[in-house]
Amino acid sequence: MHATFHDLKGASVFITGGGSGIGAALTKGFLEQGAKVAFVGRSDYADFAAELSAATGNPPMFLQCDVTDTAALHAAMDRAAEAHGPITVLVNNAANDQRMDASTVTEQMWQEMIDVNFKHYFFAAQKAAQTMRETGGSIINYSSISYMMASTGMAPYVASNAGITGLTRALAREWGPVGIRVNAIAPGWVLTQKQIDKWASKEALDAHLARQCLPDTIQPEDMVGGTLFLASAASRMMTGQVMPIDAGVVVTG
Ligand SMILES: NC(=O)c1ccc[n+]([C@@H]2O[C@H](COP(=O)([O-])OP(=O)(O)OC[C@H]3O[C@@H](n4cnc5c(N)ncnc54)[C@H](O)[C@@H]3O)[C@@H](O)[C@H]2O)c1
Ligand SMILES: O=C(O)[C@H](O)[C@@H](O)[C@H](O)[C@H](O)CO
């Protein structure tokens with residue numbers, strides 16, 4: 001059960017990649033606060049939206065959209081704002097941590113990885129800021145501890161995660177004067193179904209858990225409290241920060 005942040009009731013929240021993994025936990029978490037939530041995903045998450053509506057009594061708005069198509073992303077944000085009012089909380093979460101040997105990365109692969117892991121963070125923020133500069137707002141960018149750990153086998157993804165933190169600081173400074181806060185969350189290894197299915201072998205997981213201060217695995221729901229905190233006025237004077245939620249990974253260990 002999460003804490004209640006009273007100012008999130010009725011807030012217009014937009015989440016990218018809110019239909020699965022961490023994003024799905026975030027969508028549910030904001031709905032449970034009574035927020036008006038719109039989320040985008042590339043696949044069809046209409047059934048998930050209907051499930052959440054039944055579970056929380058607070059229907060989310062699902063908009064199918066590829067976030068690498070900036071015009072489509074902006075159109076989805078317009079539709080969300082028409083239905084829910086100007087977006088005051090933006091969670092940039094959609095990403096793809098596809099594995100690849102750095103020596104095999106072509107220019108096309110590089111561009112696709114930067115597009116899905118980085119480009120849309122900026123253009124969603126830029127769009128949201130158009131109205132947040134009137135209403136105030138909070139932008140939360142999902143990065144990763146991957147760049148702190150120097151993770152291998154996903155160089156363009158890791159570079160994007162580092163870039164997201166630079167972008168977070170740049171926008172926090174540029175837009176602080178107009179009342180927009182911008183922070184990042186850097187999760188550790190979060191055991192979404194996709195991670196379990198694709199990457200979390202026993203050996204890899206044991207090695208990772210040995211580096212955590214807290215020996216438990218991290219669940220998608222463990223990302224919700226920190227995200228709600230950054231969205232709400234509870235973090236009113238916090239901006240430009242990167243908040244790890246990683247069970248205390250010893251980065252140089
Ligand atoms: N799971 C982890 O261990 C972990 C660790 C560190 C950081 N993160 C970060 O957390 C965030 C969420 O990760 P996750 O593990 O839940 O990922 P996930 O792959 O399970 O979910 C990502 C979501 O983004 C959506 N998405 C992907 N490409 C899209 C596109 N082009 N257009 C629209 N939607 C698209 C997918 O449909 C999916 O719903 C990401 O920013 C990721 O970098 C995750
Ligand atoms: O975003 C990331 O960093 C990756 O998606 C995860 O797989 C883990 O953090 C890493 O692999 C743990 O070793």
Side-chain angles (χ1 to χ4, degrees), residues 13-27 29-30 38-43 45 48 62-70 72-73 76-77 89-100 102 105 108-128 139-168 171 182-200 208 218-224 226-227 230-231 242-246:
V13 178
F14 189 89
I15 303 174
T16 63
S20 68
I22 293 170
L26 301 180
T27 300
F30 278 104
F39 71 94
V40 289
R42 199 173 28 186
S43 314
Y45 292 107
F48 173 68
F62 167 61
L63 298 158
Q64 195 162 4
C65 155
D66 182 340
V67 294
T68 67
D69 178 343
T70 303
L73 174 60
M77 293 175 77
V89 176
L90 167 67
V91 185
N92 280 318
N93 163 81
N96 186 346
D97 66 341
Q98 192 181 320
R99 304 306 199 257
M100 53 189 66
V105 174
Q108 188 189 344
M109 287 159 75
W110 172 267
Q111 193 59 54
E112 284 172 7
M113 291 307 286
I114 298 301
D115 284 355
V116 75
N117 288 306
F118 193 27
K119 181 183 83 164
H120 63 95
Y121 282 62
F122 175 75
F123 286 105
Q126 186 192 55
K127 173 80 177 169
I139 297 173
I140 300 153
N141 293 324
Y142 263 78
S143 176
S144 167
I145 62 166
S146 68
Y147 73 96
M148 305 176 199
M149 293 177 64
S151 296
T152 56
M154 44 183 178
Y157 172 80
V158 173
S160 298
N161 290 151
I164 288 164
T165 67
L167 179 67
T168 297
L171 297 183
V182 190
N183 291 288
I185 290 179
W189 201 353
V190 183
L191 290 187
T192 61
Q193 195 56 49
K194 179 179 164 188
Q195 295 295 318
I196 292 166
D197 293 344
K198 295 188 89 161
W199 326 116
H208 189 81
I218 307 173
Q219 304 304 317
E221 291 69 28
D222 294 319
M223 298 297 116
V224 175
T227 309
L230 289 178
V242 180
M243 188 164 85
I245 306 179
D246 66 349

Gap between atom [atom2] of [Y] and atom [atom1] of [X] - 0.5 Å precision:
{"X": "Lys127", "Y": "Thr70", "atom1": "NZ", "atom2": "OG1", "value": "11.5 Å"}
{"X": "Ser151", "Y": "Trp189", "atom1": "OG", "atom2": "CH2", "value": "9.5 Å"}
{"X": "Asp246", "Y": "Ile185", "atom1": "CG", "atom2": "CD1", "value": "12.0 Å"}
{"X": "Phe118", "Y": "Met113", "atom1": "CZ", "atom2": "CE", "value": "13.5 Å"}
{"X": "Tyr45", "Y": "Ser20", "atom1": "OH", "atom2": "OG", "value": "3.5 Å"}

Lys194: partners by salt bridge (Lys or Arg N to Asp or Glu O under 4.0 Å), with sequence neighbours left out: Asp97
Would you indicate whether the side-chain heavy atoms of [Y] and [X] approach each other to under 4.5 Å?
{"X": "Pro187", "Y": "Ile245", "value": "no"}
{"X": "Met154", "Y": "Gln98", "value": "no"}
{"X": "His208", "Y": "Met149", "value": "yes"}
{"X": "Ser160", "Y": "Tyr147", "value": "no"}
{"X": "Leu63", "Y": "Met77", "value": "no"}
{"X": "Leu26", "Y": "Val224", "value": "yes"}

Between the side chain of [X] and the main-chain N/O of [Y], is any donor-acceptor distance below 3.5 Å?
{"X": "Thr27", "Y": "Gly18", "value": "yes"}
{"X": "Thr192", "Y": "Ile22", "value": "no"}
{"X": "Gln64", "Y": "Arg42", "value": "yes"}

side-chain hydrogen bond (donor to acceptor under 3.5 Å, both in side chains) partners of [X], counting only residues at least two apart:
{"X": "Gln219", "value": "Thr217"}
{"X": "Thr227", "value": "Tyr142"}
{"X": "Asn183", "value": "none"}
{"X": "Tyr121", "value": "none"}

Using the side-chain contact (heavy atoms from CB on, under 4.5 Å) criterion, which residues pair with [X]? Sequence neighbours excluded.
{"X": "Ala94", "value": "Thr16, Val67, His120"}
{"X": "Ala72", "value": "Cys65, Asp69"}
{"X": "Leu171", "value": "Phe122, Ala125, Leu167, Trp175, Val182"}
{"X": "Ala102", "value": "Ala155"}

Closest contact, heavy atoms only, [X] versus [Y]:
{"X": "Ile164", "Y": "Ser143", "value": "CG2-CB, 4.0 Å"}
{"X": "Pro156", "Y": "Ile114", "value": "O-CD1, 3.9 Å"}
{"X": "Ser43", "Y": "Phe62", "value": "O-CZ, 3.2 Å"}
{"X": "Leu191", "Y": "Ala200", "value": "CD2-CB, 4.1 Å"}
{"X": "Ala184", "Y": "Leu230", "value": "O-CD1, 4.3 Å"}
{"X": "Val190", "Y": "Gln195", "value": "O-CG, 3.3 Å"}

State which residue, out of Asn161, Thr168, Thr165, Asn93, fulfils the side-chain hydrogen bond (donor to acceptor under 3.5 Å, both in side chains) condition with Asn141. Thr168
Write out all pairs satisfying side chain to side chain donor-acceptor pair (under 3.5 Å) with one or both partners inside residues 110-119, taking only residues at least two apart or from two chains. Gln108-Glu112, Gln111-Asp115
Should Phe14 and Phe39 be marked as a ring-ring contact (aromatic ring centres under 6.0 Å, His included) after you check the CA-CA gap, both sets of side-chain angles, and the distance that decides it? CA-CA 6 Å; Phe14 189 89; Phe39 71 94; 9.3 Å; no
Only pairs at least two apart or in different chains count here, so list each salt bridge (Lys or Arg N to Asp or Glu O under 4.0 Å) that has a residue in residues 144-157. none
